Amino acid sequence: MTPHLLIDQAVVTYGAVRALNQISIHAAKGETVALIGPNGAGKSSLLLAIAGVVPLRSGAMRLDGRDLAGQEPEQRVGLGISLVPETRDVFKKLSTHENLLIGASRRRLSRAQILADADRIYALFPRLAERHAHMAGFLSGGEQQMLAIGRALMACPGLLMLDEPSLGLAPVVTDAVYAAIAALRDQGTTILLVEQNAARAFSVCDRAYLIQAGQVIEEGRAEALSARGSVETVLFGYADAGKEMTQ
Amino acid sequence: MSFLQMLIDAASVGGLYALTAIGIGLIFGVIGLVNFAYGEYIMVGAYVLLLSAGLYWPFAICAVLIFVVLFALASDFLVFRQVRRAPPETLMIVSFGLSFMIQHVWVVMFGSLTRTVNFLPAINHSVEIGGLRIAGVSLLQIAATVLLTTVLALFINYTRIGYQMRAVSENPRMARLVGVNSNRVIAVAFAISAVLAVTVTVLFVAQTGSMTPFFGVSLTMIGFVATVIGGMGSLPGCALGGFLVGTVTTILQMVLPPHLQPFREAFVFTSVILMLLVRPQGLIAVRSAWERV
Amino acid sequence: MSDEETPMRDLAALLWPWAVWAVLLLALTLVFSQISPAMARITTDTLIKLVIVTGLYIFVGNSGILSFGHGAFLIVAAYASAWVTIPLAMKGVILPGLPEVLRGLQLSPLGGLLTGMAVAGGLGLLAGIPLMRLSGIAASIATFAFFIVISVIYNNWTDWTKGTASLVGLPTWVGPWAALAAALVALMIAWIFQNSRAGLLLRASREDLVAAHGAGIRVMRLRLLAFVLSATVAGAGGVMLGHNNGALTTANNVYLNLSFIVIAMLVVGGIRSLSGVVVGTLALSVLAEIFRRFETGVEIGGMMLQIPGGSREVLLGLCMLLALIMRPDGLSRGRELPVPGFLRGGRAKAAKTETEALQ
Ligand SMILES: Nc1ncnc2c1ncn2[C@@H]1O[C@H](COP(=O)(O)OP(=O)(O)OP(=O)(O)O)[C@@H](O)[C@H]1O
Ligand SMILES: [Mg+2]
């Protein structure tokens, strides 16, 4: 069976910096896959490359066997790829409601259908419903994160990529966000989840990759990885080194 | 001349300038391009009017509309899209080069001398309203300004393309990441700016009846200046800036002695540059969503 | 490396790119001015353009702000020099509207040049004070408005300028050698300025305005300094244009077109380096000349090829667009000529400490 998403030997560079170094990952249809790694490992770069805003230097990316090379970012949204970026990037000067509607840009739907979809998002995140007429720039960080996720969901993605969805959120809000992720997983959406908080990611994912310096170090089922203690080595071993360097 | 009369003149000249400024401000707001070639959209339209002078006037206007919209779309497709990611300075230089090139294509085709056309002379007749004599074209200018700015504001605020346009303007990369076809949105912005240019062309030619390949330059300049006064990229700011320049022009027309009249443009721009000494950021600092585009 | 040797080598390394361009220009002038009188005229014209482009570069290249307003300095300088150099007998007839003081004044060519430069510099100071407060695109737009102000005034101020009619009688003292001398001096001024403390600080502020302010760099003053210097040098070019043709006019948008050509030369060469100035000016001058030949008709293999009059500008515009699309950093890619190994050493170290001092 061809996997839903297949990344083969992908290389991404920014000038002299090599953010991804021949990385290969895959995800089956409906699978939730976590990407864990220290700062600067290249996790965000990987998601951005899949979304099509960062070019591949070499290597290949396939969605359901179809080569993604040459597909513009907006076309990839049409293929079912949606990204919730690390920086959230809600449109600050659009209302909450417009931010949701714009998520459906690629779908040929009647206005009524789009509004019905928006109502589903409001049901998922009631906080957004309360603030639907507000300018998104005035939302709190957590609300913006919900909005960014809601906006991505409006595209009805087959592959949802979330870049550190719990970043800077209060525990309650993180719980809400993870509840939403679990619900999506149960609906059969393929999810790529980038997290610093490995325990949290393991609570929802089927499989995880440990990434460092643009390469996969280890891969396996969540339970197996936590039992082996590899996560601690990758995350904390590197974090300590980083601390020394900044001092 | 009464104060009221002056007010009407200012509103009508200002309206024309406001339309020019909005056409420029819209493109600037969406892709950060200061479009020198905007004046050429106005200019080429005038020559289409010249060529279609024999036609029944609604057909002539349609011809201009079609030609100029296609012209503007072509300029985006062939030139500006090629440098989409370039910094604003480069974009500006590119449009400057394009503007120069179009002017000289027109020089080659039509010569650099003034050409005249008698288009819709009827609208230059004056009507009397409550003791004021008002040229028909002034009324048309005011009406066109009110109508077009209202429609544009509604379009930008309440349609799908409208919010997509605002999204592209705020964060082009994210707009693409949510699936907005930014090239199409930008093309729509160019088409709208072309429609505004056509309005200016028709009113301008009906009023003055003359054209040269270079007559777009000073209108563009007025549009730019109005845009800068308005705070770069705010549409209400552009409109306000246009009206302000129109008012200054009208006042100077009244108070300057005849031998200084030829220098009017110089006075207008000097006063504007001096105004920027006081408020370098323009009259309206860009704040809310609707002001941005 | 011994200690005494270092200053000499530093100086040589510092002057290297200028010297290379100087030798090249000298050789070109030597050859082309001998070919035919027509070629000599083209050489002169190209060298004068080089003076103007260098003037423009002093501001644009260092501050990073585009100016569409330098045409104004060409106008004021050219007319100022005309007012003081047209022979007295003619002046009374041609410009009866001039005030007594000017009508009775007759300066040498050098006097005219200096007058023109002073007027341009003075205007640069006057206009620069408000203009330099603006940044980026707003500043560029305002410089264009400034150009229009000056050109409207000179167009209509017929008592002094004869407007769109021709003002004749300017002594024609400019030839290839005078133009070469002016170009070399202009390049030298630009080179010294860009390597001076003021120039380096201004360039640093171009990269990061906020940091420059934070570091206490008085950006406005530096910009103003560059603007005035730039206006003065461009003004010299304006004066020489007049004294090359022997006549001045504001008809047919000459100064608008000239502004375009000059800006095109700068951006095609690359606005970030002095080498770009030379390369861009030479490249577009050659192209302009080729296009001009085609306008008058060229025989190729028995076929007469001719393009309609006025196509030259169209083609130049096209070249500029293509250059910008394919090479947005210009032909020079913003780099200067590399200094050869035998001159390197002390100078490189000095430059390094300079950049460190900035940070
Ligand atoms: N736009 C860019 N330009 C230059 N270098 C970049 C850019 N974006 C990322 N990098 C570099 O690429 C490497 C990978 O960055 P990336 O953002 O993908 O890491 P990450 O794993 O998401 O880190 P974090 O956990 O901090 O979000 C880093 O070394 C980073 O400095
Ligand atoms: Mg990241």
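Below, chain A is the first sequence line, B the second, and so on; all start at residue 1. The figures here come from the full heavy-atom set of this structure, side chains too, leaving out hydrogens, waters and symmetry mates. Everything quoted here is computed from the prediction, not taken from an experiment.
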Within the supplied structure, the quantity of interest is the number of heavy atoms (other residues, nucleotides, ligands) at a distance under 6.0 Å from [X] [atom1]; does it exceed 12?
X: B:F77; atom1: CZ; value: no
X: A:R66; atom1: CZ; value: no
X: A:H26; atom1: NE2; value: yes
X: B:Y158; atom1: OH; value: no

What parts of residues 74-87 of chain A touch chain B if we use heavy atoms and a cut-off under 4.5 Å? A:E74, A:V77, A:L83, A:P85
Which of residues 136-144 of chain A have a heavy atom under 4.5 Å from any heavy atom of chain B?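 Interface residues of residues 136-144 of chain A: none, nothing closer than 4.5 Å to chain B.
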Calculate, to the nearest 0.5 Å, the distance between atoms [atom1] and [atom2] belonging to [X] and [Y] respectively.
X: A:K93; Y: B:N171; atom1: NZ; atom2: CG; answer: 10.5 Å
X: B:L177; Y: A:D89; atom1: CG; atom2: CG; answer: 8.0 Å
X: B:R160; Y: A:L101; atom1: CZ; atom2: CG; answer: 8.5 Å

Run the side chain to side chain contact (heavy atoms under 4.5 Å, CB included) test on B:R166 and A:F91 for me, step by step, so that the C-alpha distance in whole Å, both residues' side-chain angles and the decisive distance to 0.1 Å come before the verdict. CA-CA 9 Å; B:R166 280 180 283 147; A:F91 298 108; over 6 Å; no
List the atom of A:R106, the atom of B:G179, and the distance in Å for their closest heavy-atom pair.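 Closest heavy-atom pair between A:R106 and B:G179: NE-O, 3.2 Å.
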Between A:L94 and B:Y163, the two heavy atoms sitting closest are CD2-O, 3.7 Å
When heavy-atom pairs shorter than 4.5 Å are enumerated against chain B, which of A:S105, A:S95, A:G52, A:A104 gives the highest number?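 Between A:S105, A:S95, A:G52, A:A104, the count favours A:S105.
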Region of A:A152 in contact with chain B, defined by heavy-atom distances below 4.5 Å: neither
Counting only heavy atoms closer than 4.5 Å, note whether A:R107 contacts chain B via side chain, backbone, both or neither. backbone
Pair B:E170-A:K92, salt bridge (Lys or Arg N to Asp or Glu O under 4.0 Å): steps then yes or no: CA-CA 8 Å; B:E170 184 186 325; A:K92 295 191 176 60; 5.0 Å; no
Working note: B:M174 + A:R151, criterion side chain to side chain contact (heavy atoms under 4.5 Å, CB included); need CA distance, chi angles, decisive distance, verdict. CA-CA 11 Å; B:M174 196 58 223; A:R151 184 180 60 186; 3.0 Å; yes
